[in-house]
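FYI, side chains are in, hydrogens and waters are out, and symmetry mates aren't considered; it's all heavy atoms of this structure.
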Protein chains: 2
Amino acid sequence: MSGGVEWAVHCCVALTGVTEPVPAATLARLNDVSMTYLAKQMQALARAGLVHSVQGKSGGYVLARPAERISVLDIVLAIEGPEPQFTCTEVRQRGPLAASPEQCLQACAVHRAMLAAEQAWRTSLRGVTVADLVATVDRDSGPDVLSRVRGWLVSPTD
Amino acid sequence: MSGGVEWAVHCCVALTGVTEPVPAATLARLNDVSMTYLAKQMQALARAGLVHSVQGKSGGYVLARPAERISVLDIVLAIEGPEPQFTCTEVRQRGPLAASPEQCLQACAVHRAMLAAEQAWRTSLRGVTVADLVATVDRDSGPDVLSRVRGWLVSPTD
DNA sequence: GGCGCGCTACTCGGATACGTCTTGTCCGAGTACGACTGG
DNA sequence: CCAGTCGTACTCGGACAAGACGTATCCGAGTAGCGCGCC
């Protein structure tokens, strides 16, 4: 899986509760990652409609929806693309014993097994929202951790 | 996901019920795919212990275990490798607000969400065995389809 | 005729190039803020 | 003092290279079967 997904999810978590736009450069400094590459990920989030991008001085990114309505699956699909991981090449229709097309009206058994597994994966990710992640972090490390992050995003001192 | 996984699963299904070794070249002709590349996948299956490889004239590959004891997950892990799709880079320990290592005794919330989703994916794939795939194909397309495949593998006429 | 030996041909196995996708980077388009100027 | 306007500096956005991984291939190591020769 693309490594940029991790950055995107962490950025979405950090953006919760921040009303003013946060530039990509600030998010990059927060996580100590490549500024230009993270900008690329944020652009993907903006294209998917998960965040709003405002330009000009004191511009940046803001969550487009409340954190309760942004699932981890949304972020993963925004970065990785909507196409499924497994693509069936219809090997049963090739070779000397190829099946006729009318025998292949439904997906083959292998394809269905892979599809079911990916559906389970998506269902699991769909059930976790950014708000859930925030609540988990608050419960594990205390609410002051994310509060400090939000404060730093508003006025970074580095 | 690697495209060779599909070939490997189809080959395992085709190998069910065949007692004598089947060469990689025969499996390649059956599916009309690259002979050398499929050989690479079969080598991975042999390394993982899913199939036994016998050399010499009239050699080839045989299933090492009964089809009921080979899950689709086994095949996927044999081809793709055992490492998880998502790798946590511990971004929380980097940057100006880095968390101390003693605060990171357990995996971060993002990591756990990804791990849970991958576990769901693996559980789904673990629940489907090669025997299940064979039964599905027999039920959908009739038992003669796989019978013809087995017969062709024993004495290919191409 | 039976047995042992060597040869051959076929198999797998790992080491080797190529293509494509992810990763990482750069520069241009656009815009909001701020300062300046005139009324 | 206030409003309009211009300039600037900061932002995002898409287009552009480098590296890594999956894809595809080749040749060498090994072995089982087969034929031949010998007993």
Side-chain angles (χ1 to χ4, degrees), chain A residues 1-8 11 15 18 20-29 31-62 64 76-81 83-87 89 91 153 155-156, chain B residues 1-8 11 15 18 20-29 31-62 64 76-81 83-87 89 91 153 155-156:
Chain A
M1 176 181 324
S2 171
V5 172
E6 185 186 7
W7 301 359
C11 286
L15 281 177
V18 181
E20 52 188 302
V22 178
T26 304
L27 291 169
R29 281 208 302 275
N31 296 337
D32 190 22
V33 295
S34 164
M35 131 79 179
T36 53
Y37 189 41
L38 188 138
K40 195 183 187 64
Q41 316 298 341
M42 297 308 293
Q43 285 168 28
L45 293 185
R47 248 176 312 214
L50 300 183
V51 299
H52 278 320
S53 67
V54 298
Q55 280 192 338
K57 198 167 181 129
S58 75
Y61 293 99
V62 193
V76 172
L77 293 184
I79 302 294
E80 300 263 295
E83 55 276 353
Q85 311 162 350
F86 181 85
T87 56
T89 60
V91 290
L153 286 180
S155 59
Chain B
M1 177 182 319
S2 172
V5 172
E6 186 186 7
W7 301 0
C11 285
L15 282 176
V18 180
E20 53 188 304
V22 178
T26 304
L27 290 169
R29 282 208 300 277
N31 294 339
D32 189 22
V33 296
S34 165
M35 130 80 178
T36 52
Y37 188 42
L38 188 138
K40 194 182 188 65
Q41 317 299 339
M42 297 308 294
Q43 287 169 27
L45 293 185
R47 251 177 310 215
L50 299 183
V51 299
H52 278 319
S53 67
V54 297
Q55 280 193 338
K57 199 167 180 133
S58 76
Y61 293 100
V62 193
V76 173
L77 293 184
I79 303 293
E80 300 263 297
E83 55 276 354
Q85 311 162 349
F86 180 86
T87 57
T89 60
V91 291
L153 285 180
S155 59

Take the protein atom [atom1] of [X] and the nucleotide atom [atom2] of [N], then report the distance between them rounded to whole Å.
X: B/Met42; N: D/dT23; atom1: CE; atom2: C1'; result: 18 Å
X: A/Met1; N: C/dC21; atom1: CE; atom2: P; result: 19 Å
X: B/Tyr61; N: C/dC10; atom1: OH; atom2: C1'; result: 13 Å
X: B/Gln41; N: D/dG22; atom1: CD; atom2: P; result: 11 Å
X: B/Glu20; N: D/dG33; atom1: CD; atom2: P; result: 12 Å
X: B/Gln43; N: C/dG13; atom1: CD; atom2: C1'; result: 5 Å
X: A/Glu83; N: C/dT20; atom1: CD; atom2: P; result: 17 Å
X: A/Leu38; N: C/dT22; atom1: CG; atom2: P; result: 18 Å

Identify whether any heavy atom of [X] sits under 4.0 Å from a base atom; if not, whether one sits that close to sugar-phosphate; answer base, sugar-phosphate or nothing.
X: A/Ser34; answer: sugar-phosphate
X: A/Ala24; answer: sugar-phosphate
X: B/Ala39; answer: nothing
X: B/Ser53; answer: sugar-phosphate

Does any part of the side chain of B/Val22, heavy atoms only, come nearer than 4.5 Å to the side chain of B/Cys11, both counted from C-beta?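 Counting from C-beta outward, B/Cys11 and B/Val22 never come under 4.5 Å.
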A/Leu15 vs A/Met42 side-chain heavy atoms within contact, under 4.5 Å: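 Counting from C-beta outward, A/Leu15 and A/Met42 do come under 4.5 Å.
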Does B/Glu6 reach the main-chain N or O of A/Thr89 with its side chain, forming a donor-acceptor pair under 3.5 Å?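 Indeed, once roles are kept as given, a pair shorter than 3.5 Å links the two residues.
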For B/Ser2, is there any backbone N or O sitting under 3.5 Å from a side-chain donor or acceptor partner on B/Glu80?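 Pair found, side chain donor or acceptor close to backbone of B/Ser2.
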Nearest of [options] to any side-chain atom of [X]?
X: B/Lys57; options: D/dA32, D/dA9, C/dG24; value: D/dA32
X: B/Lys40; options: D/dA24, D/dC16, C/dC12; value: D/dA24
X: B/Tyr37; options: D/dT23, C/dG30, C/dG13; value: D/dT23
X: B/Pro23; options: D/dA32, C/dT31, C/dC12; value: C/dC12

Starting from the 5' end of DNA chain C, give me the residue, A/Ser58 or A/Ser2, whose nearest nucleotide shows up first.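 Mapping each residue to its closest nucleotide by heavy atoms, the 5'-most match is A/Ser2.
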NZ/A/Lys40 to CG/A/Leu38 distance, rounded to the nearest 0.5 angstrom?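 Here the rounded value is 12.0 Å.
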Looking at B/Arg47, I'd like to know whether one of its side-chain N or O atoms comes within less than 4.0 Å of OP1 or OP2 on C/dG13.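 Result: no.
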